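In what follows, a single structure is set out as structure tokens and then discussed.
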Amino acid sequence: LEFPWPSSPPQATSKESGTLKPDVTSSPAEFCSPEESARIDRAIRGEGRAFEEIVMEYQASIYRALLGWVGHRGDAEDLTQETFLLAYRKLQGFEQRSSLRTWLLRIAYHQAISHRRKSARRRSLAPSDNKIPAESLVDGRSDSTGEHLDRNDQAARLHEAIGRLPEEYRDLIVLRDLQDLDYQSIAQTLEIPLGTVRSRLHRARLELKMILDGPRPEGAHE
Amino acid sequence: MSESGDLQWDDDLLSGYLDGELTEEQRRLVRDRLASDPLVVDLLKQLQKQREETLKSAGAIPVPDLTRRIQQRLAVEIPTAIPSTKGFSQPGSSRGAWRFAAALLAASLAGILIGPWFLRSRTEVSLQSPAPASSSTQLDGAAHMGGLEFDRPKDIVSGNSLPGSDSSGDAALNLPQRLEERLEESVASDRKLVESDLAKRDEEMLLQRDRSESTASLKDEPAAEKDRSMPSPEALGFSTEQADRFGSAAGLDAAAGSPAAAGALGGAGSPGFGKGFGSSDARGGLAGGGMGAKAAPGAPPADALNAAPSAGMAAASRQPDARGSRKKQQQASSPAPARVAGEEKMKDLELRLHEGESLNRFNDDWKGLPRKADGPQVLGESAEIWFDGLLRSERLEAEGWQSLRVPTDPKWIIQLDGNSWVLDVPAFFWPTLYQRMVQSGWSVQDVGVGPQDEWHRESNTAVSGNPRLPRVDNPQSVELEESLTIWIGQSDR
């Protein structure tokens, strides 16, 4: 039996052979490319254009990840801004032991965690519905073509299901299945052992499948 | 379970296979499995389809262009970024240099004008003015240590000076140097006086604790677990009768706020002890030079605290010795870590809430926090953690901080004290807390405790039991229920 294979599978390392270690920083999957390094250097030197390029290149990725994590467009926008602000402050300290994208995602992830905590507090003070409206995730300004509407609906349904996942699963699905990050980068971003990534991701996918296969909750986006 | 070589089949290999994250050996194992088990084939196909759809759906998410907004915020919130962000989309602009020069000039002028104010504010935030010296308190480490006339802090929520604010900034301007000098003096003198006494006390205390733990473990393992997170009052020097009051949250409930209890335990319960935790005088708060700074009102049992007045200062430089026999035994079997001598410059371990940072926003300034990789550290005069919504317990943990779970009482109050949240607890509880911290290698001056976000984390998993939480928009006082976890720095992690 042959199954589709990713065009360029990540090189398996000895660490992936069953003796997985929790050290998520010792063997980063990817470093900054020379271009990235040069851009970072330029930004550090104060070249505004360089940081603008960074923002432009990565804002979509960061925004989408944050949207998956926090489930609200406005919050994701705010947190994206916070992420880049923080990145700007910390750029000089970035050791470039991971890709810039992974580093930014890590910052974004911490922002998301903080946001969740604040949200949890707000919820505890004033209990409210925890449901994440799917319409807040995908573009409400759909065009009139049926195909687009279908795609939008499907995406909304998926995001709704992702929003119903436990956070630890959601975090992984967002990074792997939405962001297409490799395991090592996920481990770095979430600061969890590499071995945990695979096992938890598998459980997350099964859980997501169950949600998608199951009955849709009342009031779900149609 | 099928095996291939040393590998065992595990369902999660399917995800690894799907993602191309397996070794050749693992891939072979999966292929073997797929060839023999149609159910696995079916599952793999479904997962693959789901993954493709998820990946595709990401493209359906519209992404707003935030470049301009980020640029604007950079210009506003990071003044030093102004030159850069001005040229954000104008690379090579000939006006860039002029703008940079103008901004530099403006920044310099602003620095000259507001520098003293800013310095003072920073200092005020990180080093709050000591509580009025209370001769009756035995935990008056900060007053003793400080002896300096600090300006009153500003309320960064309102921006107003707190009552009693002094506009003079001279003391504050020289504060770091003066403080350092004073610290060195205090440490040197205090250490001689109390170090031996403290060492004895620590040994006794830990021996007692070990005994109580081993007894508990023989009787009931869960109980022993509980004891580890919260030492028994007996082990902390309380009588059995007193210990009953600490036995549980319910016990605390019974005792909290009771003047009688304070009297019984401390013998010097201050007027209004029972209901006055929110007042500045009655505060058992920790916002100043650590717990000892303001742990005043219902003076804790003299027996439990008689090491306290200057103990902290001394202990600040005797961290590795404060751990008692068990810790020493542990250390004996492992290479001794490089010790940072107490005489060396103390590190500032405060998490500071800077001017301009709101209480529910923390700009990720983690500098100064101990890191595990840094090895043993001697602590500065305090290691305050400010209440902040964004303070991350995981991060703190990763940075080497240690959590301490403390049963709270509905009568405990969180109060916003200008710059920080302080925990007002019945003063008679401080000995327990203090002892627990000492057991962890801290002294009162080393530890400043801010009610932490840990209970928020707990709230995520047990919202039903969640205390009413502090609200930054109504920062008067909030009562806590159940428990909270206090993060304390750990000197040798």
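Small disclaimer: the values here were computed from a predicted structure and weren't measured. Convention: sequence-line order gives letters A, B, ...; per-chain numbering from 1.
At a cut-off of 3.5 Å, with distance as the only test, a side-chain donor of His115(A) or Asp75(A) sits close to an acceptor on the other residue.
The aromatic rings of Phe84(A) and Phe51(A) sit perpendicular, their planes meeting at an angle over 60°, well past the 30° parallel limit.
Ranked by non-hydrogen atom pairs under 4.5 Å with chain B, the options Leu178(A), Ile162(A), Thr80(A), Val174(A) are led by Leu178(A). Contact count against chain A (heavy-atom pairs under 4.5 Å) is highest for Gln50(B) among Gln50(B), Gln46(B), Glu53(B). Contacts with chain B were tallied for Arg203(A), Gln81(A), Met56(A); Gln81(A) has the most, counting heavy-atom pairs under 4.5 Å.
For chain B, the nearby parts of Leu208(A) are the backbone and the side chain; heavy atoms of each come within less than 4.5 Å. Leu55(B) touches chain A through backbone and side chain together, each having a heavy atom under 4.5 Å away.
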Chi angles and distances behind the salt bridge (charged side-chain N to carboxylate O under 4.0 Å, His left out) call for Glu57(A), Arg101(A): CA-CA 9 Å; Glu57(A) 181 164 343; Arg101(A) 180 178 175 227; over 6 Å; no
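Atom OG of Ser61(A) is separated from atom CG of Leu104(A) by 8.5 Å, given to the nearest 0.5 angstrom.
Using a 4.0 Å cut-off between a side-chain N of Lys or Arg and a carboxylate O of Asp or Glu, Asp32(B) and Arg28(B) do not qualify as a salt bridge.
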